[in-house]
Amino acid sequence: MNARQAALHPTDLPVAPTLDPAWVLVEEGFTLAREHELESLFAIGNGYAGSRGSLAEGSALSSPATFLAGVFDSEAGPISGLAPTADWTRLSATIDGQPLRLDNGHNLEHRRVLDMQQGILWREWRHQNVAGRIIRVQMLRLASLADRHLLLQCATISPENYNGRVSIDAALTGTVTELTGSSTTVAMAVAGQVVDSAGRWMGSPQQIIGQPSLEVRLGETYRLDRMVAVYTSRDTGEPREMASRQVERAIEDVNGVIAAHRDAWLARWKASDLRIEGDPAAQRALRFAIYHLSSAANPEDERVSIGARGLSGTAYKGHVFWDTDIFMLPFFILTYPEAARALVMYRYHTLSGARAKAARLGYRGALYAWESADTGEEMTPPFVVSPDGEIVRILTGEQEHHISADVAFGVWKYWEATVDERFLVDAGAESLIETARFWASRAEREDDGRYHIRGIIGPDEYHETVDDNAYTNGLAQWNLEVGEEVTRLVAERWPEQWRALSRRLGLEAEEPHRWLQVARELYTGFDEQTGLFEQFRGYFGLEDIDLAAFAARTAPMDVLLGRERIKRSKIIKQADVVMLIHLLWERLPPEVRKANFEYYEPRCGHGSSLSPAIHALVAARLGDAARAERHFRQASEIDLSDNMGTRLAAFMLELSADCGRPQCSALLACASPTRGPSIAQTYRQAGAACRCDFSGGVDGTKSSFQKAARGVGQQGMIHERSVNPRPPRRFGASTGGAAGGKGARRDRASGPAYCSRRRA
Amino acid sequence: MLGETERAALRIVHVGERKPPDAELLERLRLAAPALDGSTVEVRTGEPAAEILLAAGEVKPRLIVMCTHTAAKPGKVLGNTATNVLRHAPCPVVLVPPGHGLSAWHLHHVLVPHDGTPTTSAALRPAAELAERASAELLVAHVTDIGAAPAEAGSLTTPRYVDQPQHEWPAWTSEFVKRLACVCPLGHLHVRLVLARGNPAAEIVRLAKKQSTDLVVLAWRGKWEVPHAATLKAILHKARCPIMVLRA
């Protein structure tokens with residue numbers, strides 16, 4: 001992906017493309033084998049609908065698809081995935097009997113431009129057919145951010161050296177309805193018009209399309225507008241009627257639809273742009289991440305979340321992981337609290353699935369699905385056939401339990417930042433209580449007097465079925481404490497609502513106290529002598545492999561060494577203890593943060609795209625400029641390097657990987673934690689030779705939060721509360737440690753560096 | 001067998017210092033007369049590689065099939081004749097290890113090492129066609145090792161990140177085959193993709209043995225001198241089955 005000036009010709013379309021190269025991704029020419037990759041990168045979306053950036057006329061490797069958030073297909077088996085809906089983008093032309101295609105004739109010019117500033121996918125193409133006839137084609141495609149039910153495609157054709165006849169073929173006309181495997185009715189209504197360069201209406205697509213009747217003349221430009229309205233039975237009881245009515249209205253004012261869409265994007269950027277001076281590649285990478293995150297968010301629907309790869313493809317099946325709560329949510333909390341609210345409300349609406357999973361495994365409370373779709377039921381495939389032919393059992397759905405604490409962490413951070421009391425009382429508290437309740441039942445007290453969490457998978461998925469994973473136990477401890485805190489908070493401030501909630505949850509008065517006891521006595525793996533957390537029991541005894549010898553690798557370490565070897569080694573898939581440092585930064589003394597980063601960073605193979613950004617962030621906060629920059633570069637290049645990497649069918653956000661992509665979110669994580677530094681701070685700390693800033697600035701962000709809080713207050717729920725209402729609690733040895741009970745007892749008694757500060 | 005599969009007439013070219021009597025020729029070729037039904041035998045004299053290439057220029061064959069060498073020479077993976085023919089042949093060359101030609105041979109499993117580049121995909125077209133005509137399985141092997149990925153646009157190598165293998169690997173496998181198929185039509189071929197790790201030549205030889213491969217197909221970029229063609233040479237040296245070399 002190069003960064004050249006978009007250099008589109010003056011457009012005959014009702015809006016002009018952005019020319020600033022810092023706002024556009026440009027793909028020149030045509031390389032067939034890259035099509036799936038580009039379709040993912042050039043996907044458009046508005047959180048309700050997402051369409052891959054496929055060539056309108058298709059190619060041998062095109063996979064056009066449009067997905068609607070929350071519309072899954074469960075017919076194919078127990079693991080449901082996003083259901084592709086009708087391809088509204090299909091549009092092809094035949095000129096005097098010759099199909100207009102990239103693989104037919106001579107392409108004099110061809111470029112596609114993702115205009116991130118305006119949320120528009122542009123295309124320009126000059127084509128000469130075998131008869132020497134040259135035609136210029138311009139297209140735009142958008143998913144309206146102003147009205148999420150509207151999709152628009154405009155195309156102009158200009159014959160440059162001939163008069164002739166053009167036949168236009170569109171796969172979708174009129175109104176179509178389809179029933180997905182999950183019994184959701186999807187209605188898509190299409191309306192259009194064809195005008196000449198003087199703006200004269202030449203007919204509806206129904207009159208033009210499929211008929212060899214469009215006579216085109218040299219020097220004239222003809223424009224086809226296709227407006228699409230989409231509704232589903234999730235939105236209304238009459239999706240077909242709603243779609244038809246809306247599209248008829250919208251086609252009357254195409255320019256107005258475009259203008260509203262553009263204004264909505266500009267408003268998004270005003271709240272979320274991150275400017276970096278002196279580093280165009282980093283600038284573009286950040287905007288690319290923000291673009292796809294913004295394209296995946298929908299504050300209007302709290303029953304959907306953002307899948308690991310957004311709505312850009314079929315990869316990851318649209319499933320929601322911890323990526324959303326830990327990596328994406330902080331970005332939205334800072335820049336788009338309404339969208340953040342929808343994300344945390346999705347977790348509330350899927351609590352029943354989480355409760356069912358916990359109960360099925362013999363626990364209380366809520367254990368969220370490692371992979372979640374529309375119902376909150378566990379959607380992790382149990383097996384995969386790896387490319388070496390091995391059938392591999394997938395244990396994440398059974399053992400990666402930190403997801404519950406991750407969800408709780410996101411809920412609490414949203415509450416802390418927005419002071420959205422209605423959310424806390426009506427939904428958030430219940431999630432926090434049920435997840436705390438889960439951890440209290442998940443941890444077991446053993447003969448050493450400590451609670452342990454055994455048979456677990458931490459973020460480092462190279463090591464499965466381990467005991468006392470430091471990240472899991474650390475977040476569980478945090479979750480238990482916050483669960484107790486929220487019971488006191490709600491009981492104190494909203495006693496009436498608290499009585500109803502505690503009655504409904506069957507919460508006995510002493511249960512929160514027990515959570516604190518479990519938290520206090522939960523083994524953390526912290527060694528006072530070294531200041532290190534052991535990532536899990538026995539980790540320090542594993543084989544040390546020097547990753548420097550594999551520095552030139554282009555494949556993950558588990559592929560290079562094999563699964564069994566990697567299990568016996570200290571090589572880590574992604575930030576685990578380092579992730580703990582990142583999230584619980586203020587609970588850890590500086591020397592502990594540094595010691596653990598120094599120990600674990602060289603042992604991390606970054607086999608997950610989530611990993612480099614977190615390492616960049618922690619390195620920057622530790623003042624290690626060189627490593628911060630190295631990891632930041634790695635993170636920023638994940639999607640935009642020409643090596644496809646994870647970017648398959650659903651831009652990892654397939655990415656198609658498909659995007660909403662983990663990479664995007666990981667990259668943005670650098671700028672997002674409510675208690676962490678912004679990317680600007682990161683760069684300042686790192687001493688990088690560039691300057692970056694939120695365009696809205698910190699003040700702008702606060703204003704946004706304050707506005708959200710005021711909105712709640714108008715409903716009678718507001719009370720004053722600072723964003724960071726209490727001093728940080730220290731994390732670690734008082735609740736267990738590799739050194740055994742001695743150190744812990746001393747900590748509890750004297751309250752040294754790592755002692756938890758117990759509240760009165 | 002190859003001739004039958006290709007539905008091509010077999011033309012046997014024998015080059016020697018003199019033209020031998022017919023009986024002696026058959027004995028040298030170790031062929032019984034009935035085996036020559038539908039084939040033609042041409043005897044030439046002169047420098048063998050030059051004569052073979054001359055004959056190839058005349059008849060424009062679909063394939064050249066020849067032995068890797070007649071007498072092993074330390075440090076050399078191919079005899080002089082095979083080397084010269086391979087380097088200058090206008091068509092794919094199938095190199096058969098000495099002795100292999102005498103055993104029964106059927107084309108059931110074709111192993112195709114693939115570096116993930118569109119160039120290799122395009123080069124493999126004759127192999128895919130051959131496998132389809134023989135109803136053979138096409139086993140595509142991608143070997144990953146430490147080192148730079150190909151810079152060619154559209155290349156697909158092992159993903160650098162595998163966040164969730166239950167999603168990544170099926171998607172990657174599908175994508176690899178689709179990228180191959182969009183350049184090299186696979187028709188109704190049964191295609192299997194295998195990811196291996198380590199030294200490419202050693203892995204290909206190992207896979208060929210493990211999968212009972214009847215033919216290894218290698219795309220070669222045409223450069224023979226050191227340090228080029230190291231993998232090709234190593235496979236030629238170690239493999240025990242015929243090897244088809246296609247120009248990429």
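Bear in mind the structure is a predicted one, so any value in this text is a computation, not a measurement. Each chain gets a letter, A, B and so on, in the order its sequence line appears, and its residues count up from 1.
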When rounded to the nearest 0.5 angstrom, what distance separates [atom1] in [X] from [atom2] in [Y]?
X: A/Glu37; Y: B/Leu156; atom1: CD; atom2: CG; value: 8.5 Å
X: A/His36; Y: B/Cys182; atom1: NE2; atom2: SG; value: 8.0 Å
X: B/Arg197; Y: A/Asp558; atom1: CZ; atom2: CG; value: 9.0 Å
X: A/Gln574; Y: B/Tyr161; atom1: CD; atom2: OH; value: 12.0 Å
X: B/Arg160; Y: A/Arg553; atom1: CZ; atom2: CZ; value: 4.5 Å
X: A/Ser608; Y: B/Glu168; atom1: OG; atom2: CD; value: 9.0 Å

What part of [X] gets closer than 4.5 Å to chain B, counting heavy atoms only: side chain, backbone, both or neither?
X: A/Thr396; result: side chain
X: A/Ile394; result: side chain
X: A/Glu390; result: neither

- Message: Just checking A/Lys567: does its NZ atom have more than 12 heavy atoms from other residues, nucleotides or ligands closer to it than 6.0 angstrom?
- Response: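 Enclosed.
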- Count the heavy atoms belonging to other residues, nucleotides or ligands that lie under 6.0 Å from NE2 of A/His110, then report whether that count exceeds 12.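 Above 12, so yes.
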Evaluate the side-chain proximity of [Y] to [X]: yes if any heavy-atom separation is below 4.5 Å, no if none is.
X: A/His319; Y: B/Gln166; result: no
X: A/Pro381; Y: B/His167; result: yes
X: B/Asp163; Y: A/Tyr316; result: yes

- Which one of A/Thr31, A/Leu61, A/Val385 has the most heavy-atom pairs closer than 4.5 Å to chain B?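 The candidate making the most pairs under 4.5 Å is A/Leu61.
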- Minimum heavy-atom separation for B/Ile146 to A/Ala549, with atom names?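 Looking at all heavy atoms of both residues, the shortest contact is CD1-O, 4.3 Å.
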- Would you name the heavy atoms of B/Ala149 and A/Thr554 that are closest together and state the gap between them?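 Looks like N-CG2, 3.8 Å.
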- Item | Side-chain donor-acceptor pair present, A/Glu371, B/Gln164, cut-off under 3.5 Å |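 No.
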- Query: Given a strict heavy-atom distance threshold of 4.5 Å, which part of B/Pro118 is in contact with chain A: side chain, backbone, both, or neither?
  - Reply: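 Only the side chain of B/Pro118 comes within 4.5 Å of chain A.
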- Measure distances from B/Ala153 to the heavy atoms of chain A and classify the residue's part below 4.5 Å as side chain, backbone, both or neither.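 Its backbone and side chain both get close to chain A.
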- Is the closest basic N to carboxylate O distance between A/Glu35 and B/Lys178 below 4.0 Å?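 The answer is no: the pair does not qualify as a salt bridge.
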